[in-house]
Engineer: 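Could you have a look at this structure, given as structure tokens, before my questions?
Residue numbers begin at 1 in each chain, while the letters A, B, ... track the order of the sequences. Note that this is a predicted model, so its numbers are computed, not measured.
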Number of protein chains: 2
Amino acid sequence: MEHTLDALKQKLYDRECKLTPQRKVIMEIFTQNPEKHLSAEDVYGMVKKTHPEIGFATIYRTLDLFAELGILQRIDFGDGRGRYEFGESDVHHHHHLICLKCGTVAEFDDDLLDGLESVIEKRNGFEVVDHQLKFYGYCNKCR
Amino acid sequence: MEHTLDALKQKLYDRECKLTPQRKVIMEIFTQNPEKHLSAEDVYGMVKKTHPEIGFATIYRTLDLFAELGILQRIDFGDGRGRYEFGESDVHHHHHLICLKCGTVAEFDDDLLDGLESVIEKRNGFEVVDHQLKFYGYCNKCR
DNA sequence: GTATCTGCAAACTCTTTGCAAAAAC
DNA sequence: GTTTTTGCAAAGAGTTTGCAGATAC
């Protein structure tokens, strides 16, 4: 499951959706910033440099669509705005280290929770589809 | 660290804050619903039964204050509204099982992550203060 | 008595929606 | 050509803020 324009095109085609320049540009933003967790406003600001006529509504609709297509994943850091990154939820899990002072978000890889999911299914009768793990604290610079 | 009116009174006193009827009522709401994850609107609805004159602003300000006092903990389930529960973040951790269909939130206890925190401190130079773990999926009734 | 707190309404932020014009296929 | 998509502006949800009057201590 690669994050390329071709993959996007295919997924759009499967859904009878169209590949518009706006969608292309937004896709490029994410391929060029694979490590970041971009809010709608972040994307808007970046897109506007090359496509000043683009509207906020398009950003929101596109992020929403990409999330449904499984290309992006919506994350919520509790700061009141949604953020998006490439969605590889079923491939490997990375979690987030959120600095309470400067707000930067680092990543942390771990497979530890995969075992936990089956425990939960048995113990609680809850079928786990996804999980999110966030650590709050102070990063290298701020501690 | 008990969740009693006396504890509240003491914490308010330490901060030179006053114990008003509104704050008392909101505290009672949480002691009477220790298992729930209440939004501002939830609290507003419950408070209004006995104190119809209370305003939304007071709810928000009180929840905010209680969170600062360490009495409540704000949680974000990604549904666009903040939720609150008693904060026992440094005592024991419970995590949340969020049903994608009916929206109910169940709890799940585990200490597994405590070991992980020290790994993160060493590996990433990140000082962990708190963590939140959420599992998304389908509950008993909805699966 | 004085500083804090409340209730109200207005403002603010993030996000969604309705609609006519524009563009992809 | 037809259906989807866009841009705009207006509406919507949740939350915050300013202020004058009320209240805890």
Side-chain angles (χ1 to χ4, degrees), chain A residues 5-6 8-27 29 37-69 71-72 74-84 103, chain B residues 5-6 8-27 29 37-69 71-72 74-84 103:
Chain A
L5 258 177
D6 280 346
L8 171 62
K9 202 169 179 176
Q10 184 59 46
K11 287 185 177 181
L12 288 173
Y13 182 79
D14 292 345
R15 279 259 203 148
E16 301 187 343
C17 293
K18 294 171 181 178
L19 181 59
T20 64
Q22 291 89 339
R23 290 176 181 169
K24 245 188 232 182
V25 178
I26 292 174
M27 184 67 178
I29 296 283
H37 316 87
L38 303 172
S39 66
E41 200 176 356
D42 294 336
V43 176
Y44 180 69
M46 296 165 118
V47 164
K48 233 173 39 177
K49 286 177 194 163
T50 53
H51 294 66
E53 75 289 352
I54 208 164
F56 248 113
T58 303
I59 306 286
Y60 278 105
R61 283 185 285 226
T62 305
L63 294 176
D64 212 41
L65 174 65
F66 285 10
E68 274 182 38
L69 295 177
I71 293 169
L72 294 179
R74 191 185 205 280
I75 336 160
D76 203 316
F77 293 146
D79 62 346
R81 75 193 64 199
R83 296 181 172 274
Y84 293 83
Chain B
L5 257 177
D6 280 345
L8 171 62
K9 201 168 179 177
Q10 184 58 47
K11 286 185 177 180
L12 288 173
Y13 182 80
D14 293 346
R15 280 259 203 148
E16 300 187 343
C17 293
K18 294 172 182 176
L19 181 59
T20 63
Q22 293 88 339
R23 290 177 181 170
K24 244 187 235 184
V25 178
I26 291 174
M27 185 65 179
I29 295 284
H37 315 87
L38 303 173
S39 66
E41 201 176 355
D42 293 336
V43 177
Y44 181 68
M46 297 165 117
V47 163
K48 234 176 34 179
K49 287 177 195 164
T50 52
H51 295 65
E53 75 290 352
I54 208 165
F56 248 114
T58 302
I59 306 285
Y60 278 105
R61 282 186 284 227
T62 304
L63 294 176
D64 211 42
L65 173 65
F66 285 9
E68 274 183 38
L69 295 177
I71 293 170
L72 294 180
R74 190 186 205 279
I75 335 160
D76 204 316
F77 293 145
D79 62 347
R81 76 193 65 198
R83 296 179 172 274
Y84 294 83

Engineer: Using a heavy-atom cut-off of 4.0 Å to chain B, what are the terminal contacting nucleotides of DNA chain C, in 5' to 3' order?
Structural biologist: C:dA3 to C:dC8

Engineer: If you assign B:E16 and B:I54 each to the DNA chain C nucleotide with the nearest heavy atom, which residue ends up on the more 5' nucleotide?
Structural biologist: B:E16

Engineer: Could you pull out the closest heavy-atom pair between A:R81 and A:D76, with the gap in Å?
Structural biologist: O-OD1, 4.5 Å

Engineer: Please work out if B:R23 contacts a base, only the sugar-phosphate, or nothing of the nucleic acid, heavy-atom cut-off 4.0 Å.
Structural biologist: sugar-phosphate

Engineer: Looking at A:E53, I want to see if its CD is surrounded by more than 12 non-hydrogen atoms of other residues, nucleotides or ligands under 6.0 Å.
Structural biologist: yes

Engineer: Just how far is it from atom CD1 of A:I71 to atom CG of A:L65, taken to the nearest 0.5 Å?
Structural biologist: 7.5 Å

Engineer: Using 0.5 Å steps for rounding, measure from the CZ atom of A:R23 to the CZ atom of A:F66.
Structural biologist: 7.0 Å

Engineer: Taking only residues two or more places apart in sequence, or in another chain, which ones meet A:D14 in a side chain to side chain donor-acceptor pair (under 3.5 Å)?
Structural biologist: A:Q10

Engineer: What string of B, S and - do you get for nucleotides 9-16 of chain D, 5' to 3', if B is base contact, S is sugar-phosphate-only contact and - is no contact with any protein heavy atom under 4.0 Å?
Structural biologist: -----SBB

Engineer: Do you know which two heavy atoms are closest between A:K11 and A:L69, and how far apart they sit?
Structural biologist: NZ-O, 3.4 Å

Engineer: With rounding to the nearest 0.5 Å, note down the distance linking CD1 in B:I26 to OH in B:Y84.
Structural biologist: 11.0 Å

Engineer: Please enumerate all residues that pass side chain to side chain donor-acceptor pair (under 3.5 Å) together with B:S39, with sequence neighbours excluded.
Structural biologist: B:D42

Engineer: So which atom in A:K18 and which in A:L12 form the shortest heavy-atom distance, rounded to 0.1 Å?
Structural biologist: O-CD1, 3.7 Å

Engineer: Can you name the residues that form a side chain to side chain contact (heavy atoms under 4.5 Å, CB included) with B:K9, not counting sequence neighbours?
Structural biologist: B:L19

Engineer: Once side chain to side chain donor-acceptor pair (under 3.5 Å) is applied, do any residues pair with A:R15, and if so which ones, sequence neighbours excluded?
Structural biologist: A:E68

Engineer: Could you work out, with side chain to side chain contact (heavy atoms under 4.5 Å, CB included) as the rule, every residue matching A:Y44, not counting sequence neighbours?
Structural biologist: A:K48, A:I54, A:F56, A:I59

Engineer: For A:Y13 and B:L65, find the nucleotide of DNA chain C closest to each by heavy atoms; which residue's nucleotide sits nearer the 5' end?
Structural biologist: B:L65

Engineer: With a 4.0 Å heavy-atom cut-off, tell me which residues in residues 43-52 of chain A come close to DNA chain D, sorted by residue number.
Structural biologist: none

Engineer: Could you walk me through whether A:H37 and A:F77 pass the ring-ring contact (aromatic ring centres under 6.0 Å, His included) check?
Structural biologist: CA-CA 10 Å; A:H37 316 87; A:F77 293 146; 5.6 Å; yes

Engineer: Using a 3.5 Å cut-off on both pairing distances, which stems of three or more Watson-Crick or G-U pairs include DNA chain C?
Structural biologist: C:1-25 with D:1-25

Engineer: Under the side chain to side chain contact (heavy atoms under 4.5 Å, CB included) rule, collect the residues that match up with A:R61, sequence neighbours excluded.
Structural biologist: A:A57, A:T58

Engineer: For nucleotides 21-24 of chain D, list the nitrogen or oxygen atoms of the protein found under 3.5 Å from its nitrogen or oxygen atoms, one pair per line.
Structural biologist:
residue: D:dA24; atom: N3; partner: B:K18; partner atom: NZ; Å: 2.9

Engineer: Side chain to side chain donor-acceptor pair (under 3.5 Å) with B:D79: which residues, sequence neighbours excluded?
Structural biologist: B:R83

